[in-house]
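Working notes, structure below.
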There are 2 protein chains.
Amino acid sequence: MPRDGTMTRTRIMDAAEALVLERGFAGTPIDEVLSQAGVTKGAFFHHFGSKQELAHALIARFVELDLGNLESKMGRAEKLHRDPLQQLLIFVGLFLEDAELLAEPSTGCLMASYVYEAGMFDDHVLAVVHDNVLIWRKRLLAKLEEAAAAHPPRVHVDLESLADMATVVFEGAFVVSKIVADPAVLAAQLEHFRNYIELVFSDPR
Amino acid sequence: MPRDGTMTRTRIMDAAEALVLERGFAGTPIDEVLSQAGVTKGAFFHHFGSKQELAHALIARFVELDLGNLESKMGRAEKLHRDPLQQLLIFVGLFLEDAELLAEPSTGCLMASYVYEAGMFDDHVLAVVHDNVLIWRKRLLAKLEEAAAAHPPRVHVDLESLADMATVVFEGAFVVSKIVADPAVLAAQLEHFRNYIELVFSDPR
DNA sequence: CTTTACATACCGACTAGTTGGTATGTCTAC
DNA sequence: GTAGACATACCAACTAGTCGGTATGTAAAG
């Protein structure tokens, strides 16, 4: 085996992701990525055939981490309680824990960044984003249906869109958090989301 | 006065806004705007001193319309009912009416588009976005405090972040709606938001 | 153990095309 | 005629991508 290039590749991707989240994909020239990562143009085009290929690598890595986070937290929630409603509340709570540690506004979500430049990417890249959101929907919907079976909702709610609400809260909170330059926005919104679920399914007294 | 240029100016801005929402600001070359608007480079630089000046004009117009929408709907809600909680629910309902008319996903929010390219804009431009979100927060917070006074919340909620939740829902729903290519997302999320407010303030029975 | 062969990792000058912006001229309404 | 509303030609800087070449590691033949 020749020398290992994964270090260089990772440094390029780290620098690129940070820049894309701050300036957008089209607003991030390759040269800027290179100087941030401390590598040369030759190294870049050795690892990525084109800028578009970098875009794909970035979103693929982002989504993989995101799905890992989803599964990890859902798995922990499922082990921490037997009741599906409580599992959901714990699941949100685990994200809340993370959110409360933020010292400055999150750099945002690469998916949203891409969506607001959708015209720059081919369908291949956008499909990764699309699939990820549908996986979140499916995973949360299944859990919501379990919860609804055990705890009949006190008001009528559409469960599929309630599942989507998780993604909506994250994406919306990222945007607002950046606008008002306040890292606490995400935690506060997650708390409202948890409240809502609790109120919807709480047994009427 | 010689010929009226407001028509040309508007056409440039309309074309630019559509393109920016689809491809981002950096991803939208002036030439593309020109061909879409059917005007020439001379016309463009007659109306805007620079591309950055176009960015400012776009967000200023967007925010002005947005604030008009806020005030208009809040005003209508306040005339349709005397109780502040009901006013809030009607307020959200009026946005819901609009959302239900959407035949395809909204083109999104220019503020979010700018935030995900924040590094491209000067503080002057970003401040317009910041101020707008704070105005929404202030307006809704005042109404929420009235509502809370008349209807003590059944659970503890932070009213300021609940006010922000309106913006969060819009921004988040725009993103998700675009990702899953479904115009119904916004209406569904607004309904959840309305439900939540109702559940929080509903008098316990 | 050393030489040869070969593969991956990387370098940096160069190019073809694009982009924001300018310079200058023309037309039109008053 | 003059001032604002355009049009056309043009430029300098930038950008993605290329290309010939080098460095460094593995593996097998001698």
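In what follows, every heavy atom counts, from backbone to side chain, and hydrogens, waters and symmetry copies are set aside. In the text below, chain A, chain B and the rest are named by the order of the sequence lines, each starting its count at 1.
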Name all pairs fulfilling the ring-ring contact (aromatic ring centres under 6.0 Å, His included) condition that reach into residues 89-112 of chain B, sequence neighbours left out, sorted by first residue then second.
-> B/F91-B/F95, B/F95-B/W136, B/F95-B/F170
Report the distance from atom [atom1] of [X] to atom [atom2] of [N], rounded to the nearest whole Å.
{"X": "B/F48", "N": "D/dG4", "atom1": "CZ", "atom2": "P", "answer": "17 Å"}
{"X": "A/K51", "N": "D/dC14", "atom1": "NZ", "atom2": "P", "answer": "16 Å"}
{"X": "B/M7", "N": "D/dA5", "atom1": "CE", "atom2": "P", "answer": "15 Å"}

Between B/Y116 and A/Y116, is the gap from one ring center to the other below 6.0 Å?
-> no
Using only heavy-atom distances, determine whether the side chains of B/D122 and B/H56 contain a donor-acceptor pair under 3.5 Å.
-> no
Side-chain donor-acceptor pair under 3.5 Å between B/N195 and A/H156, yes or no?
-> no
What are the residues of residues 20-47 of chain A, sorted by number, that bring a heavy atom to within less than 4.0 Å of DNA chain D?
-> A/T28, A/P29, A/I30, A/K41, A/F45
Euclidean distance, B/T107 OG1 relative to B/L102 CG, rounded to 0.5 Å | 9.5 Å
With sequence neighbours excluded, residues passing ring-ring contact (aromatic ring centres under 6.0 Å, His included) with B/F25 = B/F121
Has A/T8 got a side-chain N or O lying under 4.0 Å from the OP1 or OP2 atom of C/dC10?
-> yes
